Number of protein chains: 4
Amino acid sequence: MSTGATPTERPLRRDAARNRELLVEAAATVFAEQGLDAGVDEVARVAGVGVGTLYRRFPTKDALIDALVQDLLTSVVAAGREALARADGTGLESFLAYAAEHQARRRGCLPRLWAGDEVTEGLRREFRVVAAELLADAQAHGRVRGDLTSQDVSVVLWSIRGVIETTKDVAPDAWRRHLELLVIGLRPSDVRLSSPSLTADQAQRVTTPAPRPR
Amino acid sequence: MSTGATPTERPLRRDAARNRELLVEAAATVFAEQGLDAGVDEVARVAGVGVGTLYRRFPTKDALIDALVQDLLTSVVAAGREALARADGTGLESFLAYAAEHQARRRGCLPRLWAGDEVTEGLRREFRVVAAELLADAQAHGRVRGDLTSQDVSVVLWSIRGVIETTKDVAPDAWRRHLELLVIGLRPSDVRLSSPSLTADQAQRVTTPAPRPR
Amino acid sequence: MSTGATPTERPLRRDAARNRELLVEAAATVFAEQGLDAGVDEVARVAGVGVGTLYRRFPTKDALIDALVQDLLTSVVAAGREALARADGTGLESFLAYAAEHQARRRGCLPRLWAGDEVTEGLRREFRVVAAELLADAQAHGRVRGDLTSQDVSVVLWSIRGVIETTKDVAPDAWRRHLELLVIGLRPSDVRLSSPSLTADQAQRVTTPAPRPR
Amino acid sequence: MSTGATPTERPLRRDAARNRELLVEAAATVFAEQGLDAGVDEVARVAGVGVGTLYRRFPTKDALIDALVQDLLTSVVAAGREALARADGTGLESFLAYAAEHQARRRGCLPRLWAGDEVTEGLRREFRVVAAELLADAQAHGRVRGDLTSQDVSVVLWSIRGVIETTKDVAPDAWRRHLELLVIGLRPSDVRLSSPSLTADQAQRVTTPAPRPR
DNA sequence: AATGAATGAGTGTTCATTCAT
DNA sequence: TATGAATGAACACTCATTCAT
């Protein structure tokens, strides 16, 4: 009756949503600058709200970090699906660039991106599915080596994580050249690979932490 | 070699050296398993000594971490010098493998390897010098692209850091295949690189943190 | 009786009174189940209103607790006056049973019943007056020992508080047998009491807390 | 060799034990004065040590409270056993006085004495056993009613808890007269009791809290 | 010299109270 | 007026570092 159909209504909810947004942005900034050990008080301060507000939106600090991870994985997976739609074999490459770009933009949560809570594991599973499909497409079009596995796609992003975390703000684009060189390395070639790929099982265990170490 | 020839004269020094060794090993293990946030008590416990002893050898926790970093950088630089001696163009590749191997073995200190204290900066400078020389040698022998810079060599190791930190114990060798693919990408090729390399200045600033943000 | 005859004129007052009632009931329930440390949010939730409404009716959490205490003391005092009217010496006993019953029903506020705010102290004074009169009546009819003081009557209820708080929901009627035994102990007897009664002054100080320890 | 047989040795341990004692005493004092909601900082301050020291001896605040409860229950049970040794029917009465005295001396932990953690439940079980034996002895010697149950013995102490908690420091001996009157009420008498005793099962459930309400 | 007990600033989290909507 | 989002002081607990033994 009153909540209606117009998306501009619901007064308090609007502020609340705004605060949530502010908090996620603040967390991204603060964690990017100081690492995940930064205090929640600092995050709240940067967001311009009290700690209590932070805890109203996110039950724990972990949940706040997970929110960053979810945002990131969600957009990465979505980008993967879009790239897949082209089905011309180039999807994998643009997907990698896109995913790298987003990792760089949200580097605050990188230590938890590939080894986070159970809550985000579902998204990582989706990521693996999309990555496998993009790889198959790229291989079908002869754009990458046939002996690559979908786990190799994950490893590419993990390696970019290392570049991003090391270069931080000093050279936030350093990953671009690295990815270019790496993509060249992925192209079909006569050179044999002597090291085996990760197994699918290993890849899953990497991102599925022991159920709370206590 | 240098610790003298009088074996019976400085017994305490020997004990002290032994304790230092035990502590560094314990720190490597504990930090590898639990991250740098692991407590110093845990390190002391694993080393089989009291915290007081730890603090006698290392004035702060940071100094202990720096010791790990120093060990690692020292052996990496030494390996680089050896590889350089061959002067047949293959030194760079074996150096990368060697450095990667050691990063994996001492992964506990990776978050501080390329961005540590001023005390370790000298070693990183040495690393950059050796890397530049190895690159020049490899380029002279036509084994890698001519447009690579010595900063690109650093980036390779940073990317491997990401792989190691993500795969941890689940797949401690995952970096090998990654390095193989990456080395293929470094080979001379017709493909132009569109992204610029880091400048030497940037590379230095990356590894030289602001003098304690306090 | 007193809330007036014009039903359409003061609708808000009625709603307000209803909300007040809901809140007091909710507080009684919640505090009984979880103790006085239960949060005000929980009380508001159970009452079906927002916290803001709670704070409109009661300026502080303490005031809400005091309201419970007032309710309880008011009905206990009223019951005492009624019992006194019989003037047959049995009033004291039925009064004790009545007061115990109400303490059990409102056990949520017991920690503050006999040591609450200044606001409720007036009612406790009235309680002491009635208790003294009931005791005198009972003694006049030879139903209880002549060496009892009105403070002893208070102590009976304090002891019942202990039974109620310990047995909680598991045995909400445990106090009945305790009171029976205690009343037997109050009957005239040849046995001398070796411990003195509380003085009236002590009894008053017990229930009059220092003016906010701050 | 060095720890020897003389009880005056073991340097650090002595201080540690002393600190433990100081902390328990401080906790008793502070909780008695301010209730169990008093902060651990306050307890540490009164003990003259840092919070860290408190947490070295007691893993949680709950454990500190449990230590108080254990001390109290242990001495109460021991006193019960001694009283039982007399086997002349008077043990129950002196036991009740002794237990009451100790409840008064350690009143800080009363809210957790009869409903504490699982860790202290064993002692409460021992208490129930001793109480039952003392009651049987007293009944055998005709000093108390034959229709009393061992649960009634517990209830006596719960009622004394109420008196102690209400009178606090203002009248720390008020429980003595209450106990005298109550004991008179326990003597053999022609008066029937119309209310049933707690069952043994109820008595146990009263003191065995739900396994952590979460 | 070695030990580990002691320290206390700092962290994540809660909750009575206020206030914009 | 009713709501519940926002607030921040206060709490339990941790951990790098110091120091008495």
Side-chain angles (χ1 to χ4, degrees), chain A residues 10-20 37-45 47-64, chain B residues 11-13 15-16 19 37-45 48-64, chain C residues 11-13 15-16 19 37-45 48-64, chain D residues 9-20 37-45 47-62 64:
Chain A
R10 299 213 200 190
L12 288 174
R13 290 299 163 79
R14 192 102 64 74
D15 270 28
R18 170 115 190 89
N19 272 340
R20 206 198 122 98
D37 286 341
V40 291
D41 283 27
E42 178 69 0
V43 173
R45 200 182 59 73
V49 303
V51 239
T53 302
L54 187 157
Y55 275 91
R56 171 169 282 271
R57 299 298 151 216
F58 304 96
T60 61
K61 182 182 183 181
D62 271 7
L64 174 59
Chain B
L12 294 174
R13 287 290 171 86
D15 274 22
N19 271 343
D37 286 342
V40 291
D41 282 28
E42 177 70 357
V43 173
R45 198 182 60 73
V49 303
V51 244
T53 304
L54 187 157
Y55 272 88
R56 171 164 294 275
R57 299 299 154 218
F58 304 95
T60 62
K61 183 182 184 181
D62 272 6
L64 174 59
Chain C
L12 294 174
R13 287 288 171 89
D15 274 22
N19 271 343
D37 287 341
V40 292
D41 282 28
E42 177 70 357
V43 172
R45 198 182 61 72
V49 303
V51 245
T53 303
L54 187 158
Y55 272 88
R56 171 164 293 276
R57 299 296 155 220
F58 304 95
T60 63
K61 183 183 183 181
D62 272 5
L64 174 59
Chain D
E9 285 193 23
R10 300 214 200 187
L12 288 174
R13 290 297 163 80
R14 192 101 66 72
D15 272 27
R18 170 117 189 88
N19 273 340
R20 207 198 121 97
D37 286 341
V40 292
D41 283 28
E42 177 69 358
V43 172
R45 200 182 58 73
V49 303
V51 240
T53 303
L54 188 158
Y55 275 92
R56 172 170 283 271
R57 300 296 154 216
F58 304 96
T60 61
K61 183 183 182 179
D62 270 8
L64 175 58

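Per chain, numbering begins at 1; letters A, B, ... match sequence-line order. Please read these numbers as outputs of a predicted model, since none were measured by experiment.
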query: What's the NZ-P distance between D:K61 and F:dA10, to the nearest Å?
result: 15 Å
task: Identify the nucleotide, in any strand shown, that forms a Watson-Crick or G-U wobble pair with F:dG4, with both distances under 3.5 Å; if there is none, say none.
output: E:dC19
task: Check whether any side-chain N or O of D:N19 sits under 4.0 Å from OP1 or OP2 of E:dA5, and answer yes or no.
output: no
task: Mind checking the CG-CG spacing from C:D37 to D:D37? Nearest 0.5 Å is all I need.
output: 4.5 Å
query: Between atom CG in C:D62 and atom P in E:dT17, what is the gap in whole Å?
result: 7 Å
- prompt: Can you check whether A:Y55 has a side-chain N or O nearer than 4.0 Å to OP1 or OP2 of E:dT14?
  reply: no
message: Can you identify which nucleotide, out of F:dC13, E:dA6, F:dT7, has its nearest atom closest to the D:T60 side chain?
response: F:dC13
message: Of the listed nucleotides (F:dC13, E:dA16, F:dT17), which one gets closest to any side-chain atom of C:V40?
response: E:dA16
query: Can you name the closest pair of heavy atoms from C:V40 and C:K61 and give their distance?
result: CG1-CG, 3.7 Å
field: D:Y55 to D:T60 - nearest heavy-atom pair and separation
entry: CE2-CA, 4.0 Å
- line: The Watson-Crick or G-U wobble partner of E:dG12, with both key distances under 3.5 Å, is F:dC11
- request: Select from D:V49 and B:L54 the residue whose nearest nucleotide in DNA chain E is closer to the 5' end of that strand.
  value: B:L54
query: Once you round to the nearest 0.5 Å, how far does OG1 of D:T53 lie from CZ of D:R20?
result: 14.0 Å
- request: Indicate whether OP1 or OP2 belonging to E:dA5 is found under 4.0 Å from a side-chain N or O atom of D:R20.
  value: no
task: Looking at every strand, decide which applies to C:V51 at a 4.0 Å heavy-atom threshold: base, sugar-phosphate, or nothing.
output: base
statement: Atom CD of D:E42 and atom P of F:dA12 are separated, to the nearest Å, by 11 Å
message: Can you work out whether D:G39 or B:D41 has the more 5'-proximal nearest nucleotide on DNA chain F?
response: D:G39
task: Check every strand shown and say whether D:R45 touches a base, only sugar-phosphate, or nothing at a heavy-atom separation below 4.0 Å.
output: nothing
- prompt: A:F58 CZ to E:dT13 C1': how many Å, rounded?
  reply: 16 Å
query: Separation of D:D37 atom CG from E:dC15 atom P, in whole Å?
result: 11 Å
field: Residue whose nearest DNA chain F nucleotide is more 5′ - C:T53 or B:P59
entry: C:T53
- prompt: With respect to the phosphate group of E:dT18, does any side-chain polar atom (N or O) of C:R56 fall under 4.0 Å of OP1 or OP2?
  reply: no
